[in-house]
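These notes concern the structure reproduced below.
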Amino acid sequence: MKSILRKNIFREFRFSFARFISIATLLGLGVFVLIGLKVTGPDMRTTGNDYYTAHKMADAVINSNTGITKADQAYMRQLPHVKKMEFGTSKDAIIKGTNDSIRLNSKTDNLSISQTISGRLPKTKNEIALSSNERSRYKIGETLRLVNNQNQPRISGLKNASYKIVGFVTSSDYLMKENLGATSAGTGQLSTFGVVVKDAFTSTQPTIARLSYNNVHGKSYTDKYEKQVQSNVDDTEKRLNNRAEDRRHQLRSTALKKIENKEKELATQQTKLNQRKKQLSAASKRLKSSKDQLSRAQSTGRIPVGQLSAQQKQLTTQTAQLKAGHKQLSISQNKINRARQIMIDQRQAINRFPAITYQIQSRNDYNAGYNQFGEKAKRIDVLSNTFPIIFFAVAILVSLTTMSRMAEEKRQEIGTQRALGYTKFDTMKVFLIYGTLAGLLGSIIGAWLGTGLLPRKIFDAYAANFVIPNFQTPPSAFWIGISILISLICTITPAVWVTSKMLKDQPATLMLPKPPKSGSKVLLEHVPFIWRHLSFNYKVTVRNLARYKGRMFMTIFGVLGCTALLITGFGIRDSLNGIVNTQYQNIIHYDVIGIFNSHASQTKQNDYKKAANNLSGVKHEATVYYESVTSRPKGMINNQSISMIVPKSDHNFDKFVTLKNPNTGNTLKLSDKGAIITRKMATLSHLKVGDKLTIKETNGEKHQVKIAGITEMYAGHSLYMNATYYHKAFDKRATYNAKMLMLKDRSSKNIDRVSRQLTRLDASVTAVQSDDAKATINHILAGLNHLVLIIIGAASLLAFVVLFTLTNINVSERIRELSTIKVLGFYPMEVVMYVYRETFILSLAGVLAGFVGGAWLHNYIMQTLPPETAMADMTLLWTNFTTSGVMTLLFSMIVMAIMAYKIQRVDMLGTLKSVD
């Protein structure tokens, strides 16, 4: 009997193989998406953390706008919780013959070290190790020649302008392949980096301090690690600000003392010069008196000719000496006057002396790559909390229905087995084995693909702009265990539950077919006007839909879920792709902001402004004050970088930036009552019009800014205010330091050309291109698009399998009904349409319901998916709905084509007499 039972179980697999594969596929898809999305974020963070650990990445960095003195270094080493500290220097230059800028960093030994990919690290001052990204352009042994902004091989701060390439390295300070940061060289955007020895720099005073803490625990990106580092940074920031202010006063005092000493020296020189003037004046008077006396004596003839000649000669000599004395006096006075003017200029320079800054930043702030890599992992976490739930919900629902239906189909067989003496457990073995194998097969395949394939595909696309290699995807025992448990519950529990209820009846009762459900009038029959106009086929369809309510709701729900996933997937793609076009065509109109040093001499500033005004190809230009400030929204760990722009004139500012209310579309104007902030910053900070935003400058000073308006903006945080309100909020007048330019030719090549012309000027600090933010957003969106395509593919497969499984159940449980109408003379197509008509109506109802569900799901995800620096367009295109709906209905047609083949092969007579 046991062998017969085993054969019967084997036959069940053979005759219902399509159902077995459907269940396994459904569960596999659910497990695939669940594990794939749940492990990718943590795997990315683990991979990144290992990379940072290998490079001994600093927890924080202190940057100074002046050299860090020995006294400063000693002070910094004594800061609280400092474990290690290493000082370094960096200088920017341009690679000769290109527009590429390069940052030369001093080699480090303990923190943020460089690891060699090939070759070695530099040992002498004329050697360099380049970024590993440059291996395709340069070779070891080549000479790298550098120039300054004026294309001269004299670079301030560097001893050499030519270096021998001795190796290629990676660095945790430069995690991205592009957009490495802002620079004063070239186009204003850093292209690459290199490592040199400290002796390659002319200054012995470092400008960078890297440090690690002894009280931080946990891995990178964990709240435990990030909160403690930020707490340390906040505490240290106050101390460094005080130190910087003390040093500024010290430098001012020292400089003023030197000027005062020089002025005293000039005063002494002036006193001596005045005495000499008096002596020369007296001598001039005596000489004049002597000349007058000689002249009178000569006119009266009272002086001998020889004596006259001697006295005249003596007077001529004295006159020449007096002239020489006056000339020397004039030269000395001019020297004193020039020295005095220099002292005046120096006093004015001291009054304009910039604030000394010791800016300390955590990894999230000083390293854009670190922050963006963590943000990308967070975006996947967001998706992992929504998409897998829907995938699994649909898969679970259909699997429960399929296994329940399978148990009901086995009613007579169960009765026969019980009558033959098989135990209750024996009758359940087929469901236990069938369900276990289907659940395990689906879970294993889903876990295998979800652990290896999906995370790697996401990482390859999502982190394409990062240099972090060796992506690690270890199997997650927790999520694999959860997936297998859910799968087995879905495949075993319903069948065992239904069978247990059946086994309460007598075998004789079970061996008889289950009585069909009694018919009843449907709601539509109570509307005669409609019911009378329906054909027989449609009346049957309506009655069958009402008769099998469970299957109806399962089909509608399954199609609803799949359609909602497709709409959301297509919607995410279109919403994200629309960000860049909307931002840089409808909102941001400027192309370059050229920033100059407001503490430079007035002559250099005027030269910069004149050159900027005379640039060719400029459509509009405006003078603005530009500063990068930060704000930390309540409840967040990281600081948010904000571009603060104060135009000198409000007139025509809309030519550069369109400010408008995101809800009403009404234009916003700068006013004296407050500032305008971008919508994402307002959302992160939970602020509305009338509230105040706290911002912090690089010198640590905090200010509160009243919000007068919130403007639409999709990428980056910005803060706009007029000069009057700036004066009110900051208690000082804006020192305009930038030229905002809108170009006639807005191509990247032309923007680079203009930026290069600006950075050549002596007063230039850097050039900020609108393209920089555009490129960053494009990299983020490209990764999300690849991820969305994977989800769309999985949702499409899910939709097909759901429709196939439910339609197969529908055909299988009504096989006698279909055989009957075939015997009654229905044409083959009529038989197919008998079933497909129901499937199509239910699919259409599911699609329409899916439109509502997809709109809601898209709105929910687009509020949480974009990174902290971006917002998405919430609008769904009509093509998102039509494409998703057409795809789902197309899947139903393909399924019915397969079912039509199955229906045509039905043995009508055998099926009809099977009960007999």
Side-chain angles (χ1 to χ4, degrees), residues 65 91-103 146-152 154-157 178-192 354 584 588-628 643-649 652-653 655-657 716 718 734-776:
N65 61 348
K91 288 292 178 183
D92 296 348
I94 302 170
I95 299 175
K96 187 177 181 179
T98 72
N99 279 330
D100 295 339
S101 53
I102 181 172
R103 178 162 294 162
L146 307 179
V147 293
N148 59 19
N149 280 326
Q150 286 70 42
N151 206 33
Q152 298 297 319
R154 294 187 302 274
I155 302 156
S156 174
E178 299 176 6
N179 300 324
L180 304 186
T183 175
S184 58
T187 61
Q189 186 63 44
L190 193 62
S191 303
T192 187
Y584 295 100
I588 297 296
H589 311 299
Y590 69 84
D591 299 294
V592 182
I593 298 179
I595 303 173
F596 58 87
N597 184 3
S598 60
H599 299 289
S601 68
Q602 197 60 50
T603 302
K604 290 182 178 180
Q605 290 187 54
N606 292 337
D607 289 344
Y608 187 96
K609 294 173 185 176
K610 184 179 179 181
N613 293 336
N614 294 331
L615 283 171
S616 62
V618 175
K619 189 175 183 181
H620 300 292
E621 64 88 20
T623 301
V624 301
Y625 172 65
Y626 179 93
E627 183 181 0
S628 182
S643 296
M644 183 171 68
I645 296 175
V646 182
K648 188 174 184 178
S649 171
N652 290 335
F653 186 65
K655 289 182 179 179
F656 302 93
V657 182
S718 296
T735 52
Y736 300 104
N737 65 342
K739 281 287 185 179
M740 184 179 280
L741 307 176
M742 179 182 178
L743 308 178
K744 295 176 182 177
D745 177 6
R746 304 192 69 189
S747 66
S748 297
K749 184 177 180 181
N750 190 52
I751 292 173
D752 283 346
R753 177 188 67 82
V754 172
S755 300
R756 185 74 181 85
Q757 287 180 318
L758 290 174
T759 56
R760 283 195 182 104
L761 301 168
D762 291 338
S764 174
V765 174
T766 187
V768 178
Q769 301 181 3
S770 62
D771 269 5
D772 296 345
K774 187 190 299 185
T776 300

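Computed over heavy atoms, backbone and side chain alike; hydrogens, waters and symmetry mates excluded.
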Shortest non-hydrogen separation from P647 to V624 and the atoms involved: CA-CG1, 3.7 Å
Any side-chain heavy-atom pair of D762 and Q150 under 4.5 Å: yes
Sequence-distant partners of D92, side-chain hydrogen bond (donor to acceptor under 3.5 Å, both in side chains), two or more places apart: R103, T183
N737 versus Q605, side-chain donor and acceptor atoms under 3.5 Å: no
Shortest non-hydrogen contact between S643 and Y626, atoms and distance: OG-OH, 3.2 Å
Heavy-atom pair with the smallest gap, counting every atom of S764 and L758: CB-O, 3.3 Å
Ring pair (Phe, Tyr, Trp, His ring centres under 6.0 Å): pairs with one or both residues in residues 604-623, sequence neighbours excluded: F596-Y608
Non-neighbouring partners of D100 that pass salt bridge (Lys or Arg N to Asp or Glu O under 4.0 Å), sequence neighbours left out: R137
Spatial distance of atom CD1 (I595) from atom CD (E627) [nearest 0.5 Å]: 10.0 Å
With sequence neighbours excluded, residues passing side-chain hydrogen bond (donor to acceptor under 3.5 Å, both in side chains) with T759: none
For D607, all residues meeting side-chain hydrogen bond (donor to acceptor under 3.5 Å, both in side chains), sequence neighbours excluded: none
Pairing residues for N613 by the side-chain hydrogen bond (donor to acceptor under 3.5 Å, both in side chains) criterion, not counting sequence neighbours: K739
Pairwise distance CG(D752) to CG(N99) - rounded to 0.5 angstrom: 6.5 Å
Exercise: identify the closest heavy-atom pair between V657 and H589: N-CD2, 4.0 Å
Between CZ on residue R753 and CG on residue L615, distance to nearest 0.5 Å: 7.5 Å
From CD1 (I94) to CZ (R756), nearest 0.5 Å: 3.5 Å
Heavy-atom pair with the smallest gap, counting every atom of L180 and Q189: N-NE2, 3.6 Å
Interatomic distance, M740 atom CE to D591 atom CG [nearest 0.5 angstrom]: 10.5 Å
Backbone N/O of I751 and side chain of R746: donor-acceptor pair under 3.5 Å: no
Shortest non-hydrogen contact between I102 and L190, atoms and distance: C-CD1, 3.9 Å
